[in-house]
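Just so we're clear, the structure is a prediction, and the values are computed from it rather than from any experiment. Keep in mind that the numbers below use all heavy atoms, side chains included, and drop hydrogens, waters and symmetry copies.
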Amino acid sequence: MKKVKLNNIAVLVLFITSYIPLFGLLILRQIKQNIEYLNFGYFNQESILLAFRKFGLSGFLFLLAIFGFIGLKFLLTNLEKKRPNGELVKIVEVENKNSETISYISTYIVPFIFQDTNNLFDISSIFIVLVIIFFIYTKSNMIVINPILSITHTLYQIEYNKKGKTKKGLLITKEEYLESEQEVKINLITKNIYYG
């Protein structure tokens with residue numbers, strides 16, 4: 001089976017998109033905390049510095065979210081183009097893993113919602129924890145547990161037959177219903193993670 005390898009940008013895109021719900025909530029929180037500064041005060045050095053201090057995090061997170069969405073669109077388009085060239089396998093066992101997304105949200109997103117977005121220490125601590133999670137995320141199969149990806153795709157734990165041998169892996173697919181004994185074309189994208 002030919003491997004469709006994810007490059008570092010694709011991994012970063014998957015990580016960023018998994019945190020877009022958090023980014024949206026932090027942006028809304030910062031706007032709510034600084035609503036009195038949300039007016040036009042002409043373009044001068046003082047107003048630009050004030051806007052950066054009060055809404056810089058929101059601007060940065062918004063740009064990051066846009067990068068994530070565009071990158072995810074390119075990634076999924078690329079994976080979809082390669083899908084017909086995948087290896088045909090027969091599913092032996094299948095288990096829907098989309099429920100993992102809810103655990104992901106409650107564990108990795110909800111704790112950050114209550115941080116003060118005007119406090120440099122709180123913002124720094126969020127980014128430090130996100131960097132640590134990123135390194136763990138890239139070394140594990142958590143890369144496919146993504147709330148944004150779960151909107152359009154389904155994640156399955158599969159056991160399949162390939163040339164008489166039974167193998168296991170995670171499958172990302174547009175198929176909403178996958179059943180045992182069904183044949184699907186899959187492409188290996190990283191260790192034990194497939195797209196089909």
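- In this view, Phe15 and Tyr19, Phe134, Tyr137 satisfy the ring-ring contact (aromatic ring centres under 6.0 Å, His included) rule, not counting sequence neighbours.
- Shown here are the salt bridge (Lys or Arg N to Asp or Glu O under 4.0 Å) partners of Lys97, two or more places apart in sequence or in another chain: Glu95.
- With Ile172 as reference, Leu149 is the one residue of Leu149, Asn146, Leu79, Ile186 to meet the side chain to side chain contact (heavy atoms under 4.5 Å, CB included) rule.
- Transitive grouping of hydrophobic side chains (ILVMFWY, heavy atoms separated by less than 4.5 Å) brings Val131 and Leu14 into a common cluster.
- Residues Lys162 and Glu87 are paired through a salt bridge, judged by an N-O separation under 4.0 Å between the basic side chain and the carboxylate.
- Atom CZ of residue Phe62 and atom CG of residue Leu57 lie 13.5 Å apart, to the nearest 0.5 angstrom.
- Judged as a side chain to side chain donor-acceptor pair (under 3.5 Å), and not counting sequence neighbours, the contacts of Ser58 are Gln30.
- The side chain to side chain donor-acceptor pair (under 3.5 Å) test applied to Asn161 returns Thr166, not counting sequence neighbours.
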Using a 3.5 Å cut-off and no angle test, enumerate the donor-acceptor pairs between side-chain atoms of residues 174-183 and protein atoms at least two apart in sequence or in another chain.
residue, atom, partner, partner atom, Å
Ser180, OG, Val92, O, 3.0
Glu181, OE1, Lys90, NZ, 3.2
Gln182, OE1, Glu179, N, 3.0

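- Checking side-chain atoms of Asn187 against main-chain N and O of Lys82 turns up a donor-acceptor pair under 3.5 Å.
- Taking OH of Tyr195 as the reference point, atom CG of Leu75 lies at 8.5 Å (rounded to 0.5 Å).
- The minimum heavy-atom distance linking Asn34 with Phe55 is given by the pair O-CZ, 3.3 Å.
- Qualifying side-chain contact (heavy atoms from CB on, under 4.5 Å) partners for Ile128, counting only residues two or more places apart in sequence or in other chains: Ile132.
- There is no path of hydrophobic side-chain contacts, each under 4.5 Å, that joins Leu88 to Tyr156.
- Linking Ile, Leu, Val, Met, Phe, Trp and Tyr whenever their side-chain heavy atoms come within less than 4.5 Å leaves Leu120 and Phe127 in two separate clusters.
- Residues satisfying the side chain to side chain donor-acceptor pair (under 3.5 Å) criterion with Glu100, sequence neighbours excluded, are absent altogether.
- When side chains are defined from C-beta on, Leu188 does not count as touching Ile193, because their heavy atoms never get closer than 4.5 Å.
- The two residues Leu72 and Ile148 have their closest heavy-atom pair at CD2-CG2, 3.9 Å.
- Judged as a salt bridge (Lys or Arg N to Asp or Glu O under 4.0 Å), and not counting sequence neighbours, the contacts of Arg83 are Glu80.
- For Thr154, there are no side chain to side chain donor-acceptor pair (under 3.5 Å) partners two or more places apart in sequence or in a different chain.
- Aromatic pair Tyr160/Tyr194: centroids less than 6.0 angstrom apart.
- A distance of 9.5 Å separates CD of Glu93 from CD of Gln157, quoted to the nearest 0.5 Å.
- Between Ser47 and Asn44, the side chains place a donor N or O and an acceptor N or O closer than 3.5 Å (distance only, hydrogens not considered).
- Counting only residues at least two apart or on different chains, no side chain to side chain donor-acceptor pair (under 3.5 Å) pair has a member in residues 126-135.
- Atom CZ of Phe60 sits about 12.0 Å away from atom CG of Leu26, to the nearest 0.5 Å.
- Both Ile70 and Leu64 are assigned to one and the same hydrophobic cluster, defined by single-linkage of ILVMFWY side chains at heavy-atom distances under 4.5 Å.
- Between Phe67 and Leu12, the closest side-chain pair of non-hydrogen atoms falls below 4.5 Å.
- The backbone N or O of Leu155 lies less than 3.5 Å from a partner atom in the side chain of Asn98, making a donor-acceptor pair.
- When hydrophobic side chains of Ile, Leu, Val, Met, Phe, Trp and Tyr are connected at separations under 4.5 Å, Leu63 ends up as a singleton with no cluster partners.
- Ser18 and Pro21 get closest at one heavy-atom pair: O-CD, 3.8 Å.
- For the atom pair CD of Glu159 and CD1 of Ile91, the computed distance is 10.0 Å after rounding to the nearest 0.5 Å.
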- Task: Report the C-alpha distance between Val89 and Val184 in whole Å, list the side-chain angles of each, state the deciding distance to 0.1 Å, and finish with yes or no for side-chain contact (heavy atoms from CB on, under 4.5 Å).
- Result: CA-CA 6 Å; Val89 298; Val184 293; 4.1 Å; yes
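- Between His153 and Leu76, some side-chain heavy-atom pair lies under the 4.5 Å cut-off.
- Separation of atoms OG1 (Thr152) and NZ (Lys73) is listed at 9.0 Å; rounding is to 0.5 Å.
- Hydrophobic clustering keeps Ile136 apart from Val129 (ILVMFWY residues linked when any side-chain heavy atoms are closer than 4.5 Å, directly or through intermediates).
- For Phe74, there are no ring-ring contact (aromatic ring centres under 6.0 Å, His included) partners, not counting sequence neighbours.
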